[in-house]
Chemist: 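Below is the structure I would like to discuss, written out as structure tokens.
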Amino acid sequence: MAKWEENGMDIKIFVSHTPNRNTVCLTHPMFYHVIAGSHFQTKEIPPNMYLDNQGENISEKNKSYCELTTQYWAWKNMQADYFGFCHYRRLFSFAQKTVRPMEYYGQLDERAITELCLDEKTMREFISRYDFIIVIGVPAQELKAESVYEQYLNSPELHIKDVDILLQVIQEKYPELYPSAQQYFSGSVCYHCNMFIARKELFYEYCSILFDVLQEVEKRADFSEYSKEAYRTIGHLGERMAGVYYTYLKTKKNCRLGEIQRAFFCFADVQPEAVRPEKQGSVPVVLAVSQTYAHVLHVCVQSIVDCACADRFYEIYILHTNISAENQQLFLKKYNGSQMSVAFVDVTKWTAQYKKHVRKDVCKESFLKFYVLDVFREHDKIVYLDCDTIVCNDIAKLYETELGDCLVAGISDIEFASQCNRKDLQTRSYCLDTLKINRPSAYIQAGVLVWNLTNLRKAVVMRQLLEMTDAGDWRYYDKDILNVLCKGRVKYLDMSWNVAAGQDSRWKETIKYAPYEILEAYEQARKNPSIIHYAGNPKPWLKPDRDLAYVFWDKARGTVFYEQLVKDMVSWKAAAKAESAQTAMIQEKHLQEAKYLQEAKHLQDEKYLQEAKHLKLARKILMKALPEENRLRKVLGKLYWKIFE
């Protein structure tokens with residue numbers, strides 16, 4: 001029988017959760033999830049959650065004591081051989097590697113659990129080797145301080161006088177602990193987060209000291225005028241007390257001490273289920289956008305609404321990582337109704353797990369389309385749109401496209417095909433040699449797509465798509481990857497479903513090289529577009545005289561962001577004018593510098609010719625004055641030719 005099974009010790013690790021917050025609860029035999037400050041809980045209590053306002057407690061003090069109310073409740077009401085404390089965002093890592101004090105994760109999923117070695121056997125074996133375990137300290141210098149005391153002093157909303165009171169109380173009530181307190185606060189390593197695991201004897205001793213000291217500090221300090229963060233001073237001081245006690249334990253010869261890494265989870269909240277199973281007869285449309293483009297998104301969605309069929313239901317899903325709650329509410333208020341629903345899907349928990357190494361000029365939101373594979377597991381097919389599009393026809397017609405065995409439906413990318421036909425570019429060789437696409441006209445544009453999710457899930461998983469971003473020397477990243485993946489299994493749409501608005505004169509010069517059939521189809525589609533796509537720069541909301549920009553502005557006038565769009569346009573024009581003036585100044589400066597250098601060179605040349613003329617005259621005089629065999633004549637001759645050779 002293994003050692004960890006033999007000892008049979010009762011190990012309880014209490015995970016503190018914030019009241020009224022829907023957070024992830026990891027099911028684990030050692031984890032006890034507790035609402036810290038249950039006194040303030042107003043929502044329905046989640047299953048398997050303990051409350052710290054039961055039995056003897058200080059739950060009502062949570063606003064100042066923070067997660068210490070969990071610790072007090074456990075001390076007074078629970079029994080165990082080991083007591084541990086962490087938070088719903090911060091867990092212990094029992095992995096052997098110790099790379100840095102904190103590892104960052106997106107969400108608490110199976111991958112994270114495995115990497116943190118949170119299996120019972122590993123945890124028991126590690127914990128049983130120690131009497132007291134604390135998370136690895138953070139050097140004060142990383143926090144821009146020389147000591148723990150200075151770090152607290154530098155905290156903008158905290159008051160150092162409270163630390164002085166704490167030290168005074170320790171000196172008076174626990175003089176044996178005072179030298180360790182002085183050592184810790186003058187030291188250069190901070191032990192934060194109130195995260196530790198302790199054998200019960202030490203835990204009881206520590207709690208009796210901790211809460212006695214903090215209650216005395218409460219009596220002596222005045223928090224009445226403190227800010228919301230400063231009102232949590234008792235919690236902050238309790239954090240420092242863990243470091244003080246750990247420093248004190250180091251003076252005990254027979255105390256087995258250990259340090260452990262902690263992991264921080266950026267997205268520990270349970271997300272509301274925004275994506276619903278596909279509704280019979282509904283039209284699911286997916287867009288991807290950042291906060292920067294939120295006002296543009298309104299225009300795109302408004303265009304979908306204006307063209308919607310009265311007897312169809314439309315589900316608009318917006319993939320994002322940073323759309324503000326205020327913007328989301330504006331959408332929901334305006335567009336949710338009997339014919340349409342809008343749902344925001346925060347995909348941050350996915351993006352946090354995949355680090356894409358791409359050029360700085362590549363829009364990160366362009367990769368969000370790949371997340372449809374995981375996000376829309378209940379759907380067989382969806383329409384995807386870039387947000388810089390205007391819909392001029394019922395999107396349901398596009399959704400009804402029969403895909404058969406194809407993976408995706410899209411249009412031939414006229415600009416890419418045009419570049420392949422230009423002799424001065426290397427796009428054709430890139431298409432043939434790198435992408436292995438034999439016909440450039442087969443390359444599809446990725447701004448408007450119909451995804452066959454059923455077939456795509458059989459062909460690839462999302463992780464493979466995202467890993468491909470690092471695997472090749474891509475020119476157009478998401479478009480290239482999509483074309484490589486779907487090669488030979490593309491349903492080609494009528495060009496009217498993705499009419500590219502001309503960008504500038506350079507763009508017009510390029511597309512004239514397009515294959516005849518594609519160019520003819522494009523010119524025909526421009527007469528009656530179903531979707532206009534403002535790919536490339538400048539965008540119509542910045543340059544209203546751009547090709548087909550009047551269609552965008554016609555839709556924009558009906559949105560709540562019309563004034564913001566006008567403001568952005570004016571600001572952009574002013575910035576562009578200032579940049580143009582600055583460029584002109586720089587060019588003028590360069591011209592002046594070049595003129596100066598040319599004049600300087602001319603003067604140097606003139607001086608050189610004058611000196612040469614004088615030397616030649618001197619040579620003639622010396623040649624006549626000195627005999628042919630004279631040694632001085634030979635030396636001067638060599639010097640002369642060395643100068644003018």
Chemist: Is the backbone of Ile323 close enough, under 3.5 Å, to the side chain of His320 for a donor and an acceptor to pair up by distance?
Modeler: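 The answer is yes, because a donor-acceptor pair under 3.5 Å joins these two groups.
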
Chemist: In the structure I gave you, are the side-chain heavy atoms of Asn421 and Pro515 within less than 4.5 Å of one another anywhere?
Modeler: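 Yes, close enough: below the 4.5 Å cut-off.
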
Chemist: How far does CG of Leu330 sit from OG of Ser324, to the nearest 0.5 angstrom?
Modeler: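 Those atoms lie 8.0 Å apart.
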
Chemist: Ignoring hydrogens and angles, tell me if any N or O in the side chain of Glu402 forms a donor-acceptor pair with the backbone of Gly404 under 3.5 Å.
Modeler: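 It does not hold such a pair.
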
Chemist: Can you name the closest pair of heavy atoms from Ala396 and Arg312 and give their distance?
Modeler: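 So the minimum-distance heavy-atom pair works out to CB-NH1, 3.9 Å.
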
Chemist: Would you mind checking if Glu229 and Arg232 are paired as a salt bridge, meaning a charged N to carboxylate O distance below 4.0 Å?
Modeler: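 Answer for the salt bridge query: yes.
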
Chemist: In the structure I gave you, are the side-chain heavy atoms of Tyr314 and Ile395 within less than 4.5 Å of one another anywhere?
Modeler: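 Heavy-atom side-chain distance check passes, below 4.5 Å.
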
Chemist: Looking at every non-hydrogen atom in both residues, tell me the closest pair between Gly536 and Arg546 and how far apart they are.
Modeler: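 Between these two residues, the closest heavy atoms are O-NH1, 3.4 Å.
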
Chemist: Hey, is CG on Asn438 packed in by over 12 heavy atoms from elsewhere, all under 6.0 Å?
Modeler: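 Open: at most 12 neighbouring heavy atoms sit under 6.0 Å from CG of Asn438.
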
Chemist: Answer with yes or no whether the side chains of Asn498 and His533 bring together a donor and an acceptor at under 3.5 Å.
Modeler: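 Looking only at side-chain atoms, Asn498 and His533 do form a donor-acceptor pair, the distance falling under 3.5 Å.
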
Chemist: Under 4.5 Å between any side-chain heavy atoms of Lys369 and Asp478, yes or no?
Modeler: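 Side-chain contact under 4.5 Å: yes.
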
Chemist: Would Lys555 and Asp306 pass as an ion pair if we require N to O under 4.0 Å?
Modeler: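 Between Asp306 and Lys555 there is a salt bridge, with a charged N closer than 4.0 Å to a carboxylate O.
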
Chemist: Excluding sequence neighbours, so at least two apart, what forms side chain to side chain contact (heavy atoms under 4.5 Å, CB included) with Lys567?
Modeler: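 For Lys567, the residues satisfying side chain to side chain contact (heavy atoms under 4.5 Å, CB included) (neighbours in sequence not counted) are Gln564, Ser571.
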
Chemist: Hey, could you give me the CD1/CD distance between Ile382 and Glu315, rounded to the nearest 0.5 Å?
Modeler: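 Separation between the atoms: 11.5 Å.
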
Chemist: Hey, does the side chain of His87 reach the backbone of Val15 with a donor-acceptor pair shorter than 3.5 angstrom?
Modeler: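 Answer holds: no.
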
Chemist: Would you compute the distance between atom CE of Met495 and atom CH2 of Trp497 and round it to the nearest 0.5 angstrom?
Modeler: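 Between atom CE of Met495 and atom CH2 of Trp497 there are 14.5 Å.
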
Chemist: A side-chain contact here means heavy atoms from C-beta on lying under 4.5 Å apart; do Val490 and Cys406 qualify?
Modeler: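 A side-chain contact under 4.5 Å is absent here.
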
Chemist: Identify, with sequence neighbours excluded, every residue that meets salt bridge (Lys or Arg N to Asp or Glu O under 4.0 Å) alongside Glu517.
Modeler: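 Once residues adjacent in sequence are excluded, Glu517 has no partner under the salt bridge (Lys or Arg N to Asp or Glu O under 4.0 Å) criterion.
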
Chemist: Do the non-hydrogen side-chain atoms of Phe416 and Cys431 ever get within less than 4.5 Å of each other?
Modeler: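 SC-SC contact between Phe416 and Cys431 confirmed.
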
Chemist: Check Gln302 against Gly558 and note the closest heavy-atom contact, atom names and distance.
Modeler: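 Gln302 and Gly558 have their closest heavy atoms at OE1-O, 4.3 Å.
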
Chemist: Nearest 0.5 Å, please: how far is OH in Tyr384 from CG in Leu398?
Modeler: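 Separation between the atoms: 13.5 Å.
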
Chemist: Check whether more than 12 heavy atoms from other residues, nucleotides or ligands sit under 6.0 Å from atom CG of Asn537, and answer yes or no.
Modeler: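 Yes, enclosed.
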
Chemist: For Met340 and Ile304, run side chain to side chain contact (heavy atoms under 4.5 Å, CB included): C-alpha distance rounded to whole Å, both residues' side-chain angles, the deciding distance at 0.1 Å, then the answer.
Modeler: CA-CA 10 Å; Met340 180 173 292; Ile304 297 173; 4.3 Å; yes

Chemist: Among all residues two or more places apart in sequence or in another chain, which pass the ring-ring contact (aromatic ring centres under 6.0 Å, His included) test with Trp451?
Modeler: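 Trp451 satisfies ring-ring contact (aromatic ring centres under 6.0 Å, His included) with no other residue.
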
Chemist: If you measure from NE2 on His379 to OG on Ser282, what distance do you get to the nearest 0.5 Å?
Modeler: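 Between His379 NE2 and Ser282 OG, I get 6.0 Å after rounding to 0.5 Å.
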
Chemist: Can you name the side chain to side chain contact (heavy atoms under 4.5 Å, CB included) partners of Ala500, sequence neighbours left out?
Modeler: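 In terms of side chain to side chain contact (heavy atoms under 4.5 Å, CB included), with neighbours along the sequence ignored, Ala500 is linked to Trp507, Tyr522.
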
Chemist: According to salt bridge (Lys or Arg N to Asp or Glu O under 4.0 Å), who are the partners of Asp394, at least two apart in sequence or on a separate chain?
Modeler: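 Residues passing salt bridge (Lys or Arg N to Asp or Glu O under 4.0 Å) with Asp394: none at all.
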
Chemist: Where does the angle between the aromatic ring planes of Tyr88 and His17 fall among parallel (under 30°), tilted (30 to 60°) and perpendicular (over 60°)?
Modeler: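 Answer is parallel, since the angle falls under 30°.
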
Chemist: Do the non-hydrogen side-chain atoms of His295 and Asn327 ever get within less than 4.5 Å of each other?
Modeler: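 His295 vs Asn327: side chains apart.
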
Chemist: Where the side chain of Lys381 meets the backbone of Val450, is there a donor-acceptor pair that is under 3.5 Å apart?
Modeler: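 No: the side chain of Lys381 does not pair with the backbone of Val450.
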
Chemist: Under a 3.5 Å cutoff, is there a donor and acceptor pairing between the side chains of Ser38 and Asp52?
Modeler: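 Present: a donor and an acceptor within the cut-off.
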
Chemist: Atom OH of residue position Tyr492 - does it have more than 12 heavy atoms of other residues, nucleotides or ligands inside 6.0 Å?
Modeler: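 Correct, the count exceeds 12.
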
Chemist: Between Thr69 (side chain) and Ser59 (backbone), is there a donor-acceptor pair under 3.5 Å?
Modeler: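 Checking the backbone N and O of Ser59 against the side chain of Thr69, no donor-acceptor pair under 3.5 Å is found.
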
Chemist: Using only atom types and a distance under 3.5 Å, with no angle test, would you say the side chain of Asp386 pairs donor to acceptor with the backbone of Asp388?
Modeler: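 Flag not set: sc Asp386 to bb Asp388 has no pair under 3.5 Å.
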
Chemist: Of the non-hydrogen atoms in Ile518 and Ala417, which two are nearest, and what is the gap between them?
Modeler: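 Result for this residue pair: CD1-CB, 4.2 Å.
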
Chemist: Going by an N to O cut-off under 4.0 Å, is there a salt bridge joining Lys491 and Asp405?
Modeler: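 Salt bridge between Lys491 and Asp405, a charged N being under 4.0 Å from a carboxylate O: no.
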
Chemist: Among Thr114, Asp119, Ile113, whose side-chain contact (heavy atoms from CB on, under 4.5 Å) with Cys117 holds?
Modeler: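 Checked Thr114, Asp119, Ile113 against Cys117; only one passes side-chain contact (heavy atoms from CB on, under 4.5 Å): Asp119.
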
Chemist: Do Leu403 and Thr401 have side chains that get closer than 4.5 Å, going by heavy atoms?
Modeler: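 Answer yes - side chains close enough.
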
Chemist: If you measure from CG on Asn393 to CG on Asp494, what distance do you get to the nearest 0.5 Å?
Modeler: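 Interatomic distance, Asn393 CG to Asp494 CG, rounded to 0.5 Å: 10.5 Å.
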
Chemist: Do Lys63 and Phe40 form a cation-pi contact, if we require the NZ or CZ to be under 6.0 Å from the six-membered ring centre and within 45 degrees of the ring's axis?
Modeler: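 Here Lys63 passes the 6.0 Å and 45° test against Phe40.
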
Chemist: So, does Lys487 use its side chain to make a donor-acceptor pair with the main chain of Lys436 at under 3.5 Å?
Modeler: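 Indeed, once roles are kept as given, a pair shorter than 3.5 Å links the two residues.
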
Chemist: Using a strict cut-off of less than 4.0 Å between a Lys/Arg side-chain nitrogen and an Asp/Glu carboxylate oxygen, indicate whether Arg557 and Glu563 qualify as a salt bridge.
Modeler: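 Salt bridge flag = no for Glu563 with Arg557.
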
Chemist: Yes or no on side chain to side chain contact (heavy atoms under 4.5 Å, CB included) for Arg262 and Phe92, after CA distance, side-chain angles and deciding distance?
Modeler: CA-CA 5 Å; Arg262 72 180 184 268; Phe92 299 107; 5.7 Å; no

Chemist: If I compare all heavy atoms of Glu115 with all of Ala95, which pair ends up nearest, and what's the gap?
Modeler: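 The pair with the smallest heavy-atom distance is O-CB, 3.4 Å.
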
Chemist: Evaluate His33 against Tyr50 for ring-ring contact (aromatic ring centres under 6.0 Å, His included), listing each step before the verdict.
Modeler: CA-CA 6 Å; His33 296 277; Tyr50 288 84; 9.1 Å; no

Chemist: What is the ring orientation for Tyr476 with Tyr443, classed by angle as parallel under 30°, tilted 30 to 60°, or perpendicular over 60°?
Modeler: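 Plane angle over 60°, so perpendicular.
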
Chemist: Without hydrogens or angle criteria, can the side chains of Arg422 and Thr510 be said to hold a donor-acceptor pair below 3.5 Å?
Modeler: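 Side chains of Arg422 and Thr510: pair found under 3.5 Å.
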
Chemist: If the plane angle is over 60° it's perpendicular, under 30° parallel, otherwise tilted; pick one for Tyr335 and His298.
Modeler: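 Taking His298 first and then Tyr335, their aromatic rings sit tilted (interplane angle of 30° to 60°).
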
Chemist: Applying side chain to side chain contact (heavy atoms under 4.5 Å, CB included), name anything that partners Gln41, two or more places apart in sequence or on another chain.
Modeler: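 Gln41 satisfies side chain to side chain contact (heavy atoms under 4.5 Å, CB included) with Pro19, Asn20, Ile35, Lys43, Ile45 only.
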
Chemist: Applying salt bridge (charged side-chain N to carboxylate O under 4.0 Å, His left out) between Asp547 and each of Lys539, Arg526, Lys508, report the one that passes.
Modeler: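 Considering Lys539, Arg526, Lys508, a salt bridge (charged side-chain N to carboxylate O under 4.0 Å, His left out) with Asp547 is found only for Arg526.
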
Chemist: If only atom types and distance count, is the side chain of Asn483 paired as donor or acceptor with the main-chain N or O of Lys479 below 3.5 Å?
Modeler: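 Looks like yes, one N/O pair under 3.5 Å.
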
Chemist: Side chains of Val286 and Leu385: closer than 4.5 Å at any heavy-atom pair?
Modeler: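 Sidechains of Leu385 and Val286: no contact.
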
Chemist: Any side-chain donor paired with an acceptor under 3.5 Å for Ser441 and Arg439?
Modeler: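 A donor-acceptor contact under 3.5 Å links the two side chains.
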
Chemist: So does Leu407 get a backbone contact from the side chain of Asn455, meaning a donor-acceptor N/O pair under 3.5 Å?
Modeler: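 Flag not set: sc Asn455 to bb Leu407 has no pair under 3.5 Å.
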
Chemist: What is the minimum heavy-atom distance between Ala514 and Ile414, and which atoms define it?
Modeler: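 Heavy atoms of Ala514 and Ile414 come nearest at CB-CG1, 3.8 Å.
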
Chemist: Given the ring of Tyr430, does Arg475 sit roughly above its face, with NZ or CZ under 6.0 Å from the centre of the six-membered ring and within 45° of the axis?
Modeler: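 That pair qualifies as a cation-pi contact.
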
